[in-house]
Amino acid sequence: MAMQVSKKSRLAAPSALLLLLVVAALLPPPRAEAGHDGAGGDDEPPPTPCSPADRAALLGFKAGVTVDTTGILATWDGGDDCCGAWEGVSCDAATGRVVALQLEAPPLPPPRRSYMEGALSASLGGLEFLETLVIRDMARIGGAIPASLSRLSRLKQLYLEGSMLAGGVPGSVLSGMASLQYLSLAGNRFEGKLPPELGSLPGLVQINLAGNRLSGEVPPSYKNLSRLAYLDLSNNLLSGAIPAFFGQQLKSLAMLDLSNNGFSGEIPASLCGLRNLTDLSLHHNKLTGVIPSQIGSISSLNSLSIDSNLLVGSIPESLFGLQKLWNLNLSRNGLSGSLPPGIRHGLPSLVSMDLSHNHLVGGIDHFFRSISPARRLTKNASSDMSVIFLPRQLQHLDLSKNSITGALPEFGAGASLRWLDVSGNAIGGQIPSSVWRLVGLQRLDISRNKIRGTIPASMAAMASLRWLDISGNALVGRIPDSFARMARLRHASFRGNKLCGKIPQARPFNLLPAAAYAGNLCLCGKPLPPCRQI
């Protein structure tokens, strides 16, 4: 029986069809099913299987590994296609050639550590389309870098870190990697000189040779590395002067780490022309002379560590114009002169400052006022800023072992400060009762000064404190009983004062060694002999 269609329905049908066509045109095309194109046509060609030559090269590397506790090579089961399930292997889908080999030891809870033991196989040189080679933190891969790796002309990234590779850094091998941009051989056992051949690779952006046993001077050929942004030669045995061309021709440098070597001579003033430099680490060398007065020109600087050298003179005023500086370490030098006065408006990003073990002089109270952020005075506020507010971001301040005088000021706030060490100076006055306002403080060391008066009971409110050293002063009176509430304290020393009375009989005070209380007048109670009954 034929279906009856009303005149109204017949008229509506074209409009409905038109609406469907419009909606269909606005919708995104349907996703293609695996192996098909979006129109349901012929199957897409499957990925090209792994090149037999590359597969053989990878199996050659596997054969050179005698022990693998990482489990990575267990996925290399000998199947035909190394581009599929072989962990760490990446291929070009169109050609089937291996373009990346990235093997990194998975982290384990200490002291356990996963590793590979063996040597780098010369077969890796057969991976001629390789662009990235990463073998990192395998701990026991030893021997030399195979000469065959010079054939990797397409290689852009080479990371062979954290193992036992030894011998010299093979400059002739690395110079064959014409496309190389990122090089790291850190944390191995390489010896000998820095390879001058690296200067023939102008595309290098990163060089990291830290943590080896390299010696000698920086080759002059490195002046050709104009694109170099990251240079880490730390923790070696390098010597000689820091090349002036670092600042003159390596204008792209953003990170320079030469720490823990034997570099000597002065800090080149040319380094102050590196406008992109964010991190400068020259600590633990034998550098002499003064800090360049133009240091403030490195406006991008975030971290400056030049501690543990033989530097003299005063701290340049320009340094305190570095708006982005958050870490400053000038400790363990021979710096002299007054504590820097111009910090308040100059170092707004400062998180950590270490000026310890120098010959700096000046008043501690004036210094604290200089780093106190400017505050609008209320009607009841003192115009001389006798309540000090520390910068909110400041966490670490070490001024120990200088010749600083004056008295500690009253504190208004300092919730972020974690470490305050002013020990080994000539600071007098009393412990300010407002010190409890440093509520985040974990370490307080005011030992070996000339501080007098009593220990404020309010210090018991410093709930975060783990280390307290007030030894070697002229404090009198008792150790407050309220200190028994300091539950997080793990170390304390009260020796060498004029204290008397009963030691708080609560942890850790009654468990500290007796030496922590030695040299006082009449302290008693555990760990010292019992108090006499009156």
When the side chains of residues 304-315 are checked against the rest of the protein, which donor-acceptor pairs come out under 3.5 Å, sequence neighbours left out?
{"residue": "S305", "atom": "OG", "partner": "N327", "partner atom": "ND2", "Å": "3.4"}
{"residue": "S308", "atom": "OG", "partner": "H284", "partner atom": "NE2", "Å": "3.3"}
{"residue": "N309", "atom": "OD1", "partner": "N285", "partner atom": "N", "Å": "3.2"}
{"residue": "N309", "atom": "OD1", "partner": "K286", "partner atom": "N", "Å": "3.3"}
{"residue": "N309", "atom": "OD1", "partner": "L287", "partner atom": "N", "Å": "3.0"}
{"residue": "N309", "atom": "ND2", "partner": "L282", "partner atom": "O", "Å": "3.1"}
{"residue": "N309", "atom": "ND2", "partner": "I306", "partner atom": "O", "Å": "3.2"}
{"residue": "N309", "atom": "ND2", "partner": "D307", "partner atom": "O", "Å": "3.2"}

Using a 3.5 Å cut-off and no angle test, enumerate the donor-acceptor pairs between side-chain atoms of residues 197-206 and protein atoms at least two apart in sequence or in another chain.
{"residue": "S200", "atom": "OG", "partner": "E197", "partner atom": "O", "Å": "2.6"}

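Between L165 and L185 there is no side-chain heavy-atom pair separated by less than 4.5 Å. Within the 4.5 Å cutoff, side-chain heavy atoms of M486 are placed close to those of L465. With a 4.5 Å cut-off on side-chain heavy atoms, L444 and W467 do not count as touching. Taking 4.5 Å as the limit, some side-chain heavy atom of L103 sits within range of a side-chain heavy atom of F61. Annotation: side chain of L101 is not in contact with side chain of T132 (no heavy-atom distance under 4.5 Å). Counting only heavy atoms from C-beta outward, the side chains of L420 and L438 approach each other to under 4.5 Å. You'll find the side chain of Q442 stays beyond 4.5 Å of the side chain of W419, heavy atoms only. Looking at heavy atoms from C-beta onward, Y159 lies out of side-chain contact with I135 at the 4.5 angstrom threshold.
Nearest heavy-atom pair, L155 versus L133, reported as atom, atom and distance to 0.1 Å: CD1-N, 3.8 Å. Of all the heavy atoms in S300 and N276, the pair that sits closest is OG-C, 3.3 Å. In this structure, Q393 and L350 approach most closely via the heavy-atom pair CG-O, 2.9 Å. S252 and S226 make their closest contact through OG-O, 3.1 Å (heavy atoms, listed as atom of the first residue, atom of the second, distance). Scanning both residues, Q248 and S270, for their nearest heavy atoms gives CG-CB, 3.9 Å. Nearest heavy-atom pair, H396 versus L417, reported as atom, atom and distance to 0.1 Å: N-CD1, 4.0 Å.
Rounding to the nearest 0.5 angstrom, the gap separating the CD atom in Q323 from the OG atom in S299 is 9.5 Å. With rounding to the nearest 0.5 angstrom, the CG atom of L152 is 8.5 Å from the CG atom of L158. To the nearest 0.5 Å, atoms CZ (R151) and CE (M177) are separated by 11.5 Å. Note that the CD1 atom of I298 and the OG1 atom of T278 stand 10.5 Å from one another [nearest 0.5 Å]. Between the CG atom in N497 and the CG atom in L499 there is a gap of 5.0 Å [rounded to 0.5 Å]. Between N473 atom CG and F494 atom CZ the span is 12.0 Å, to the nearest 0.5 Å.
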Would I404 and L399 satisfy side chain to side chain contact (heavy atoms under 4.5 Å, CB included), going step by step from the backbone distance to the final call? CA-CA 8 Å; I404 299 169; L399 303 176; 3.8 Å; yes
Derivation and outcome, side chain to side chain contact (heavy atoms under 4.5 Å, CB included), residues V169 and L174: CA-CA 9 Å; V169 176; L174 297 174; 3.7 Å; yes
Please step through side chain to side chain contact (heavy atoms under 4.5 Å, CB included) for the pair L194 and V218, ending with a clear verdict. CA-CA 7 Å; L194 292 170; V218 177; 4.2 Å; yes
How far apart are the C-alpha atoms of R488 and S464, what are their side-chain angles, what is the distance that settles it, and do they pass the side chain to side chain contact (heavy atoms under 4.5 Å, CB included) test? CA-CA 6 Å; R488 294 189 179 182; S464 300; 4.3 Å; yes
Please evaluate residues F411 and F368 with respect to the criterion ring pair (Phe, Tyr, Trp, His ring centres under 6.0 Å), reporting the C-alpha separation (whole Å), side-chain torsions for both, the decisive distance (0.1 Å), and the verdict. CA-CA 9 Å; F411 295 98; F368 274 111; 5.4 Å; yes
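A donor-acceptor pair is defined here as one N or O able to donate and one able to accept, closer than 3.5 Å; no such pair exists between the side chain of R443 and the backbone of L441. Under a 3.5 Å cut-off, the side chain of Y517 and the backbone N or O of F509 do form a donor-acceptor pair. Judged by distance alone, the side chain of N449 and the main-chain N or O of I451 form no donor-acceptor pair under 3.5 Å. A distance-only check finds no donor-acceptor pair linking the side chain of D421 to the backbone of D398 [under 3.5 Å]. Between the N212 side chain and the R189 main chain, a donor and an acceptor come within less than 3.5 Å of each other. Put simply, the side chain of N224 never gets that close to the backbone of Y222: no donor and acceptor are under 3.5 Å apart. Using a distance-only test at 3.5 Å, with no hydrogens or angles considered, a donor-acceptor pair links the side chain of N188 to the main chain of L160. Remark: the backbone N or O of S331 is not paired with any side-chain donor or acceptor of S356 at under 3.5 angstrom. With hydrogens and angles disregarded, no donor-acceptor distance shorter than 3.5 Å links the side chain of S293 to the backbone of P316. Checking side-chain atoms of N402 against main-chain N and O of N358 turns up a donor-acceptor pair under 3.5 Å.
Side chain to side chain, E161 and S184 meet the donor-acceptor criterion of an N or O pair below 3.5 Å. Judged by distance alone, the side chains of D279 and S281 do bring a donor and an acceptor atom under 3.5 Å apart.
Just one residue in the list V67, T66, L73 forms a side-chain contact (heavy atoms from CB on, under 4.5 Å) with M116, and that residue is L73.
With a 6.0 Å radius and a threshold of 12 heavy atoms from other residues, nucleotides or ligands, R448 has its CZ atom above the threshold. Atom NZ of K156 has 12 or fewer neighbouring heavy atoms from other residues, nucleotides or ligands inside a 6.0 Å radius. Within a 6.0 Å sphere centred on NZ of K223, heavy atoms belonging to other residues, nucleotides or ligands number 12 at most. Atom OH of Y182 sits in a sparse spot, with 12 or fewer heavy atoms from other residues, nucleotides or ligands closer than 6.0 Å.
Each salt bridge (Lys or Arg N to Asp or Glu O under 4.0 Å) pair with one or both residues in residues 230-250, not counting sequence neighbours, would appear here, but there are none.
Judged by the 6.0 Å and 45° rule, R140 forms a cation-pi pair with Y115.
In summary, E104 and R136 engage in a salt bridge, as defined by a charged side-chain N under 4.0 Å from a carboxylate O.
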